[in-house]
Amino acid sequence: MLLPIHQPFDLHSTLFSGQAFRWRPNGDWSEGIVFNNVVRLRHVEGGIEFLSAPDDEAALESLIRDYLGLDRDIEGVYGSLELDDRLTASIARYKGMRILRQDPWECLVSFLMAQASNIPRITKNVEDICKTFGRPIEVSARAEPFGGAQDRPVEARPHGFPTPSELARATVDALWDLRLGYRARFISAAAQAVDSGKVDLMALREDPYEAALDTLMSLDGVGDKVANCVLLFSLDKMEAFPVDVWIERALQEWYLNGKGQKLTRPKMRLWAHDYFGVYAGYANHYLFHDRRLQGKTSS
DNA sequence: AGCCAGGCCCTCC
DNA sequence: GGAGGGCCTGGC
């Protein structure tokens, strides 16, 4: 199925800029697991083509459009971010890179795992937790879009992301065995909190930024950075501004040194909100991605 | 060997 | 409220 697009869209940068961890390049397609489906996406003339199984494309279309943010006005975002040459250069370089609208539960667990880690390891941890606790996806129910996919051995079958209830039933020891380290108990506690209804992640989409931030940070192991990742990548808070080491260096060298300012991380977020405005999160992701790929000499 | 990763938490000042 | 150390694990 073709999803027409009318504004800049950079599929590769969107899927592989470190906001989601279940996408893999596969020829000219990108294949990922979302909404308990195997999904393939590729950029073609006029839009994004996609295939899915076991659900058919018509059933998944609106979820995928929503996930990719196809209906968002990215030109409007760019218009409000014409602030300085540094940011303009990053946007030009990755024009069309979008902020995904992910499932908040998967997003929360993924970024709990991400602390003091790196993308290859996070990717492996996410894969392991899905294989161990997630439900296998029966692509064979609809094999034609993925010729041969039904022949995968059972143990190689793709798995959906475990639900809060599935992870709430997992013991800390079982999580520990996945080599998650001290993050295991954070994930277990988060699963209890969400499964019990103590925290309603989806409801946070309706809450203002500050309130949603407070709720997330009440969870053990969720600090300012993790909370802002969840707010930005899954909860529609475009002003969210995760400050990790990359952003810390980028802001310090590209924006603050000249002014002789030295800020702590929470202060950096406040500074960024003042400077970048309501779309600070987009500015964050472009600077983050640029900084990681181009390095510190980029200008 | 020792340091540091896409942090967070606790302690101490 | 800010600085410093510890923490699982993995990679250099």
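Just so it is clear, the model here is predicted, and its values are computed rather than measured. Sequence lines set the chain letters: A, B, ... in the order given, protein chains first and strands last, and positions in each chain run from 1.
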Measure the OH-CG distance between Tyr275(A) and Leu87(A) for me, rounded to the nearest 0.5 Å.
->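 Rounded to the nearest 0.5 Å, the OH-CG separation comes out at 7.0 Å.
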Round to the nearest Å and state the distance from [X] atom [atom1] to [N] atom [atom2].
X	N	atom1	atom2	answer
Phe233(A)	dG6(B)	CZ	P	14 Å
Asp220(A)	dC7(C)	CG	P	16 Å
Leu180(A)	dC7(C)	CG	P	18 Å
Lys124(A)	dG6(B)	NZ	P	17 Å
Arg269(A)	dG1(C)	CZ	P	14 Å
Asp173(A)	dC8(C)	CG	C1'	14 Å
Leu108(A)	dG7(B)	CG	C1'	14 Å
Met113(A)	dC7(C)	CE	C1'	17 Å

In a check of side chain to side chain donor-acceptor pair (under 3.5 Å) between His285(A) and each of Ser13(A), Ser90(A), Ser17(A), which one passes?
-> Ser17(A)
Could you say whether Gly221(A) or Gln19(A) is positioned toward the 5' end of DNA chain B, judged by the nucleotide with the nearest heavy atom to each?
-> Gln19(A)
Between Leu219(A) and Phe21(A), name the one whose nearest nucleotide on DNA chain B is closer to the 5' end.
->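 Looking at DNA chain B, the more 5' nearest nucleotide goes with Phe21(A).
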Does [N] have its OP1 or OP2 closer than 4.0 Å to a side-chain nitrogen or oxygen of [X]?
X	N	answer
Arg183(A)	dC8(C)	no
Lys267(A)	dG2(C)	yes
Arg249(A)	dA5(B)	yes
Trp176(A)	dT9(C)	yes

Start at the 5' end of DNA chain C and walk down; is the nucleotide closest to Asn118(A) or to Gln115(A) reached first?
->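 By nearest-heavy-atom nucleotide position, the 5'-most residue is Gln115(A).
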Checking all strands, does [X] fall into the base, sugar-phosphate, or nothing category for heavy-atom contacts under 4.0 angstrom?
X	result
Ala114(A)	sugar-phosphate
Gly18(A)	base
Ile247(A)	nothing
Phe288(A)	base

Roughly how far apart, to the nearest Å, are [N] and [M] at atom [atom1]?
N	M	atom1	answer
dG6(C)	dG2(B)	P	14 Å
dG4(C)	dC4(B)	P	14 Å
dC9(B)	dG10(C)	C1'	22 Å
dG11(C)	dC8(B)	P	23 Å

For the pair [X] (side chain) and [Y] (backbone), establish whether a donor and an acceptor sit closer than 3.5 Å, ignoring hydrogens and angles.
X	Y	value
Asp84(A)	Arg86(A)	yes
Gln19(A)	Arg98(A)	yes
Gln7(A)	Ile74(A)	yes
Asn284(A)	Pro242(A)	yes

If a stem is a run of at least 3 consecutive Watson-Crick or G-U pairs, both distances under 3.5 Å, which stems include DNA chain C?
->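 As far as DNA chain C goes, consecutive pairing (with distances under 3.5 Å) yields the stems B:2-5 with C:9-12, B:7-13 with C:1-7.
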Looking at [options], which one has an atom nearest to any side-chain atom of [X]?
X	options	answer
Arg265(A)	dG6(B), dG10(C), dG7(B)	dG7(B)
Arg179(A)	dG2(C), dG10(C), dC8(B)	dG10(C)
Arg292(A)	dG2(C), dC7(C), dG6(B)	dG6(B)

Using a cut-off of 6.0 Å, state whether more than 12 heavy atoms not belonging to Arg24(A) lie near its atom CZ.
->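 Yes.
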Lys/Arg N to Asp/Glu carboxylate O, Arg40(A) vs Glu49(A), below 4.0 Å = no
Is any N or O donor-acceptor pair between the side chain of Tyr182(A) and the base of dG6(C) shorter than 3.5 Å?
->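 Checked by distance alone, the answer is no.
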Show me the side-chain donor-acceptor pairs of residues 221-236 of chain A shorter than 3.5 Å, one per line, residues at least two apart or across chains.
unit_1    : atom_1 : unit_2    : atom_2 : d
Asp224(A) : OD1    : Arg269(A) : NE     : 3.0
Asp224(A) : OD1    : Arg269(A) : NH2    : 3.1
Asp224(A) : OD2    : Asn228(A) : ND2    : 3.4
Asp224(A) : OD2    : Arg269(A) : NE     : 3.2
Asn228(A) : OD1    : Tyr209(A) : OH     : 2.6
Asn228(A) : OD1    : Phe241(A) : N      : 3.1
Asn228(A) : ND2    : Asp224(A) : O      : 2.7
Ser234(A) : OG     : Val230(A) : O      : 2.7
Asp236(A) : OD1    : Arg101(A) : NE     : 2.6
Asp236(A) : OD2    : Arg101(A) : NE     : 3.3
Asp236(A) : OD2    : Arg101(A) : NH2    : 2.8

